[in-house]
Colleague: 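Starting off with a structure, shown below.
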Protein chains: 2
Amino acid sequence: MTIKEVAERYHISQDTLRYYERVKMIPEVTRTASGIRDYQEEDLKWVELAICMRSAGLPIEAMIEYVNLFQQGNETIPARLELLYNQMEILKLKKKQINETMNKLSYKISHYEVALKTGKLTWTDDEEE
Amino acid sequence: MTIKEVAERYHISQDTLRYYERVKMIPEVTRTASGIRDYQEEDLKWVELAICMRSAGLPIEAMIEYVNLFQQGNETIPARLELLYNQMEILKLKKKQINETMNKLSYKISHYEVALKTGKLTWTDDEEE
DNA sequence: TTACTACTTGGAGTTAACTCTAAGTCAATA
DNA sequence: TATTGACTTAGAGTTAACTCCAAGTAGTAA
């Protein structure tokens with residue numbers, strides 16, 4: 001699979017794909033005899049994981065570390081687990097913060113909706129805007 | 001309340017507080033006669049909202065637009081509602097992506113945990129790493 | 001064989017969100 | 001009165017994550 005096809009498939013730019021490889025966020029991609037990238041199933045798995053991590057807002061640095069550990073073999077499994085636990089914690093926190101913000105925005109939305117119907121703003125004393 | 005106290009209270013730098021004001025992410029903060037910031041309850045509400053939005057990963061630009069609409073008065077309530085709905089949608093999507101990533105990481109974690117116990121990796125054919 | 005297109009690399013440029021620096025003001029203490 | 005420390009501003013610098021560019025090569029169509 002060419003870089004163009006991969007880029008289209010995952011809605012990501014070719015530049016970004018090359019960038020991910022360059023910074024070692026994914027292992028080196030399989031090449032043709034003349035040095036052109038020819039993504040195999042395994043390469044695609046790494047691309048998917050990278051995109052998945054990034055879409056959740058996890059830093060590239062974490063993914064680089066994970067790939068690095070992976071390439072050192074099975075003795076690094078405990079370290080990889082540790083890394084995965086850490087990222088899970090970060091995601092839990094992110095979710096919590098998103099929920100809090102959603103609650104805050106919902107509150108504002110409901111007040112504005114009432115305001116639109118009644119023509120009056122109805123904030124309580126401790127939450128004027 | 002001085003900028004120092006506000007910074008300590010919200011675990012945010014004084015520089016960031018000044019920056020938020022400079023880019024108009026919050027309205028101009030109340031000042032003393034000699035021009036020093038003296039945060040009032042209402043100023044703090046805006047700071048809280050700004051921090052809340054940012055902690056959920058929403059762009060500063062959205063907050064700037066919201067403050068801008070607010071300062072134009074009640075006729076902008078429909079526009080503010082629209083903006084809030086948009087940000088809610090963005091947050092829903094973020095949550096979805098986080099959930100997907102958490103599922104993917106959980107899957108890896110469980111496999112690694114089994115591997116640690118049994119000494120063998122147990123990926124199925126379609127998910128080698 | 002010439003032209004065209006898609007690929008390659010190294011390196012420079014961009015954007016968002018801070019973060020820091022320098023030079024200056026002001027209130028309070030030694 | 002001198003100095004200390006917290007504040008002020010404008011503007012420069014930093015970081016993460018891309019994104020673009022220039023110069024070169026490889027494979028295919030006319």
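A quick note: this is a predicted structure, and the numbers were derived from the prediction, not measured. In what follows, chains are A, B, ... by sequence order, proteins preceding strands, each numbered from 1.
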Colleague: Nearest-nucleotide wise, let me know which of Ser34(A) and Thr16(A) is further upstream toward the 5' end of DNA chain D.
Modeller: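 Per heavy-atom nearest nucleotide, the more 5' residue is Thr16(A).
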Colleague: When you match Asp38(A) and Gly57(B) each to their closest nucleotide on DNA chain C, which lands nearer the 5' end?
Modeller: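 Its nearest nucleotide being more 5', the pick is Asp38(A).
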Colleague: Counting just side-chain N and O atoms, does Arg54(A) come under 4.0 Å of either OP1 or OP2 of dA17(D)?
Modeller: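 Arg54(A) to dA17(D) OP1/OP2: side-chain N or O found under 4.0 Å.
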Colleague: CE of Met1(A) versus P of dC7(C): gap in Å, rounded?
Modeller: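 So the CE-P distance, Met1(A) to dC7(C), works out to 12 Å.
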Colleague: Specify the separation, in whole Å, of atom CD of Glu5(B) and atom C1' of dA6(D).
Modeller: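 It works out to 12 Å between those atoms.
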Colleague: Between Tyr19(B) (OH) and dG13(D) (P), how many Å, whole number?
Modeller: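 For the pair Tyr19(B) OH and dG13(D) P, the rounded distance is 17 Å.
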Colleague: Tell me which of Met25(A) and Ile36(B) sits closer to the 5' end of DNA chain D, going by the nucleotide each one is nearest to.
Modeller: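 Upstream on the strand: Ile36(B).
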Colleague: Counting side-chain heavy atoms from CB outward, which of dT9(D), dA6(C), dC18(D) is closest to Lys4(A)?
Modeller: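 Out of dT9(D), dA6(C), dC18(D), the nucleotide with an atom closest to Lys4(A)'s side chain is dA6(C).
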Colleague: To the nearest angstrom, how far is Leu17(A) atom CG from dC20(D) atom C1'?
Modeller: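 After rounding, the gap between these two atoms is 16 Å.
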Colleague: Would you say Thr2(A) places a side-chain N or O within less than 4.0 Å of OP1 or OP2 belonging to dC7(C)?
Modeller: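 Yes, because at least one side-chain N or O of Thr2(A) sits under 4.0 Å from OP1 or OP2 of dC7(C).
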Colleague: Expressed in angstrom and rounded to an integer, what is the separation of Asp15(B) atom CG from dA10(D) atom P?
Modeller: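 Taking atom P of dA10(D) as the reference, CG of Asp15(B) is at 14 Å.
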Colleague: With a 3.5 Å cut-off and no angle check, do the side chains of Asp38(A) and Thr32(A) form a donor-acceptor pair?
Modeller: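 Note: Asp38(A) and Thr32(A) side chains miss the donor-acceptor criterion.
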Colleague: Between Arg22(A) and dT9(C), is there a contact of a side-chain N or O with OP1 or OP2 at under 4.0 Å?
Modeller: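 No.
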Colleague: Would you say Arg31(A) places a side-chain N or O within less than 4.0 Å of OP1 or OP2 belonging to dA26(D)?
Modeller: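 Checking Arg31(A) against dA26(D): no side-chain N or O falls below 4.0 Å of OP1 or OP2.
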Colleague: What about the rings of Tyr39(B) and Trp46(B), do their centers lie closer together than 6.0 Å?
Modeller: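 No, the ring centres sit 6.0 Å or more apart.
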Colleague: Going by an N to O cut-off under 4.0 Å, is there a salt bridge joining Glu89(B) and Lys92(B)?
Modeller: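 Result for this pair is yes, salt bridge flagged.
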Colleague: Send over the distance from Glu61(B) CD to dA16(C) P, rounded to a whole Å.
Modeller: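 Checked: the CD to P distance equals 8 Å.
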Colleague: Write down the distance between CD (Glu21(A)) and C1' (dC7(C)), rounded to a whole number of angstrom.
Modeller: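 Distance check: Glu21(A) CD to dC7(C) C1' gives 13 Å.
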Colleague: If you measure from the Lys or Arg side-chain nitrogens to the Asp or Glu carboxylate oxygens, is any gap between Arg31(B) and Glu21(B) under 4.0 Å?
Modeller: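 Salt bridge flag = yes for Glu21(B) with Arg31(B).
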Colleague: So, does Tyr20(A) get its side chain near the phosphate of dC18(D), meaning an N or O under 4.0 Å from OP1 or OP2?
Modeller: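 True: Tyr20(A) side-chain N/O within range (under 4.0 Å) of dC18(D) OP1/OP2.
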Colleague: Just the rounded figure in Å: distance from P of dC7(D) to CD of Gln14(B).
Modeller: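 Atom CD in Gln14(B) sits about 5 Å away from atom P in dC7(D).
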Colleague: What contact category does Arg18(B) fall into here, base, sugar-phosphate, or nothing, at under 4.0 angstrom with non-hydrogen atoms?
Modeller: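 Counting heavy atoms under 4.0 Å across all strands, the contact made by Arg18(B) includes a base.
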Colleague: We want to know whether Tyr66(A) and Arg80(A) form a side-chain donor-acceptor pair, criterion being a heavy-atom distance below 3.5 angstrom.
Modeller: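 Looking only at side-chain atoms, Arg80(A) and Tyr66(A) do not form any donor-acceptor pair under 3.5 Å.
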